[in-house]
Amino acid sequence: MNNIHLMQKTRRQRNPDAKLKAIHESAIALFSAKGFDQVTISEIAKAADIAVGTIYRFYPNKSAILVAISNILEQEFIAVMREAWRVNRPYPERLKRMVSALFVIISDKREEISLLSLAQGHIIEKGTTPGSMIRKEIAALYQNGIDHGGFTPHDTTHFAAIAHGMVEGAMRQWLQNPTVENHRALEAMLTELLSRSAGI
């Protein structure tokens, strides 16, 4: 009885952010291990040590959890891109720094990134789709380069879509063969391809 009382007390004391983190971490682990379709809300709740009803207070279904994880990951990618770009260096160097930073987060977030393919069939809130936030950020960084004479002017939306496709392709290639050699080769290739596309 004391253990049950202590568990219930611990559950009550967890703040909403801690509960969300537990939901996300449990969902990532379960989706990765069993596949999205095979996982139930009950399993996520059990792994997160929270009540099923608590999950439904945050999310209406599994897809919403997956979308939230995807959005958080995109925001982390954007933060890394901005940090690399902020350095007062010539644009070719900024681009190289950004690609290097992206490969670091790809390495650190392998499990979460593997879930992005699951999110492709799900519409994210406000009508956006997976990758839309990152594409918007790429367009903004590219426009910054154009405004300061660092890049050849092109349609920013088109450039962002092409650049995002290149990054995603390189990411998938590395995840299939996550060796140091493959990392270096893909990073160099991606830097060269993005530089050519930007006209530098």
To the nearest 0.5 Å, what is the distance between [atom1] ([X]) and [atom2] ([Y])?
{"X": "K136", "Y": "L141", "atom1": "NZ", "atom2": "CG", "value": "12.5 Å"}
{"X": "T191", "Y": "R97", "atom1": "OG1", "atom2": "CZ", "value": "12.5 Å"}
{"X": "R135", "Y": "E74", "atom1": "CZ", "atom2": "CD", "value": "7.5 Å"}
{"X": "I78", "Y": "W85", "atom1": "CD1", "atom2": "CH2", "value": "14.5 Å"}
{"X": "I69", "Y": "I28", "atom1": "CD1", "atom2": "CD1", "value": "4.5 Å"}
{"X": "I65", "Y": "S70", "atom1": "CD1", "atom2": "OG", "value": "13.5 Å"}

Show the nearest heavy-atom pair for residues [X] and [Y], with the distance to one decimal.
{"X": "P92", "Y": "I200", "value": "CA-CD1, 3.7 Å"}
{"X": "A170", "Y": "L186", "value": "O-CD1, 3.6 Å"}
{"X": "A101", "Y": "V80", "value": "CB-CG1, 3.3 Å"}
{"X": "L30", "Y": "V39", "value": "O-CG2, 3.5 Å"}
{"X": "Q173", "Y": "N182", "value": "O-ND2, 3.4 Å"}
{"X": "A139", "Y": "T156", "value": "CB-O, 3.8 Å"}

Is the closest basic N to carboxylate O distance between K96 and E93 below 4.0 Å?
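Answer for the salt bridge query: no.
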Could you check whether K62 makes a cation-pi contact with F36, meaning its NZ or CZ is under 6.0 Å from the centre of the six-membered ring and within 45° of the ring axis?
yes
Donor-acceptor pair, side chain of K109 and main chain of L73, under 3.5 angstrom
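No, because the side chain of K109 does not come within donor-acceptor range (under 3.5 Å) of the backbone of L73.
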Within the distance-only criterion (no hydrogens, no angle test), does the side chain of R110 pair as donor or acceptor with the backbone N or O of L175 below 3.5 angstrom?
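Checking the backbone N and O of L175 against the side chain of R110, no donor-acceptor pair under 3.5 Å is found.
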Close side-chain approach of L190 and W174, heavy atoms under 4.5 Å
no
Note, K19 side chain near T54 side chain (heavy atom, < 4.5 Å):
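Yes - at least one pair of side-chain heavy atoms lies under 4.5 Å apart.
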Once side chain to side chain donor-acceptor pair (under 3.5 Å) is applied, do any residues pair with T40, and if so which ones, sequence neighbours excluded?
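Applying side chain to side chain donor-acceptor pair (under 3.5 Å) to T40 gives E43.
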In terms of side-chain heavy atoms, does [X] have a donor or acceptor partner in [Y] at a distance below 3.5 Å?
{"X": "H183", "Y": "E187", "value": "yes"}
{"X": "D147", "Y": "Q143", "value": "yes"}
{"X": "Y91", "Y": "N144", "value": "yes"}

Run the side-chain contact (heavy atoms from CB on, under 4.5 Å) test on M81 and I138 for me, step by step, so that the C-alpha distance in whole Å, both residues' side-chain angles and the decisive distance to 0.1 Å come before the verdict.
CA-CA 9 Å; M81 290 163 64; I138 292 172; 3.5 Å; yes
With side-chain contact (heavy atoms from CB on, under 4.5 Å) as the criterion, how do F103 and V99 come out once you've worked through the C-alpha distance, each side chain's angles and the decisive distance to 0.1 Å?
CA-CA 6 Å; F103 270 95; V99 171; 4.0 Å; yes
Spell out, yes or no, whether V52 and I44 are grouped together once hydrophobic residues are joined by side-chain heavy atoms under 4.5 Å, including indirect joins.
yes
If hydrophobic clusters are built by linking Ile, Leu, Val, Met, Phe, Trp and Tyr wherever their side-chain heavy atoms come under 4.5 Å apart, do Y56 and I50 end up in the same one?
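They do share one cluster, since a chain of ILVMFWY contacts under 4.5 Å joins Y56 to I50.
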Do I23 and Y59 pass the side-chain contact (heavy atoms from CB on, under 4.5 Å) test, and can you show the C-alpha distance, the side-chain angles, and the key distance before you say yes or no?
CA-CA 10 Å; I23 291 168; Y59 300 114; 4.2 Å; yes
Other residues, nucleotides, ligands: >12 heavy atoms within 6.0 Å of M189 CE
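Incorrect, the count does not exceed 12.
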